[in-house]
Amino acid sequence: MSPLARRLFITNKATIGKDTFGNVIEVEGEFLNWFARSLPFLIVGLWAALVMAAR
């Protein structure tokens, strides 16, 4: 995978939440970022909009 595609779809850190002291809990690894998780829904939504516009 090219570095540009990797930066578009994958992030190295994910924020889980906060602990009881208010500290942010982060984990490291390879995770899909917001764009990669939303891309299938955007494609299906665009397709549906095109089908409805064609009627």
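Summarising the hydrophobic clusters (Ile, Leu, Val, Met, Phe, Trp, Tyr; side-chain heavy atoms under 4.5 Å, direct or chained), the residues clustered with L50 are L46.
Residues passing the side-chain contact (heavy atoms from CB on, under 4.5 Å) test with I16, sequence neighbours excluded: I25, V27. Annotation: side-chain contact (heavy atoms from CB on, under 4.5 Å) contacts of E26 (sequence neighbours excluded): K13, T15, V24. Under the ring pair (Phe, Tyr, Trp, His ring centres under 6.0 Å) criterion, F9 pairs with F35, not counting sequence neighbours.
Applying the salt bridge (Lys or Arg N to Asp or Glu O under 4.0 Å) test to every pair with at least one member in residues 44-55, sequence neighbours left out, gives no pairs at all. Sequence neighbours left out, not one pair with a member in residues 31-43 passes side-chain hydrogen bond (donor to acceptor under 3.5 Å, both in side chains).
Between N12 atom CG and R7 atom CZ the span is 11.5 Å, to the nearest 0.5 Å.
The hydrophobic cluster containing F31 does not contain L8, counting ILVMFWY residues as joined when their side-chain heavy atoms lie under 4.5 angstrom apart, directly or transitively.
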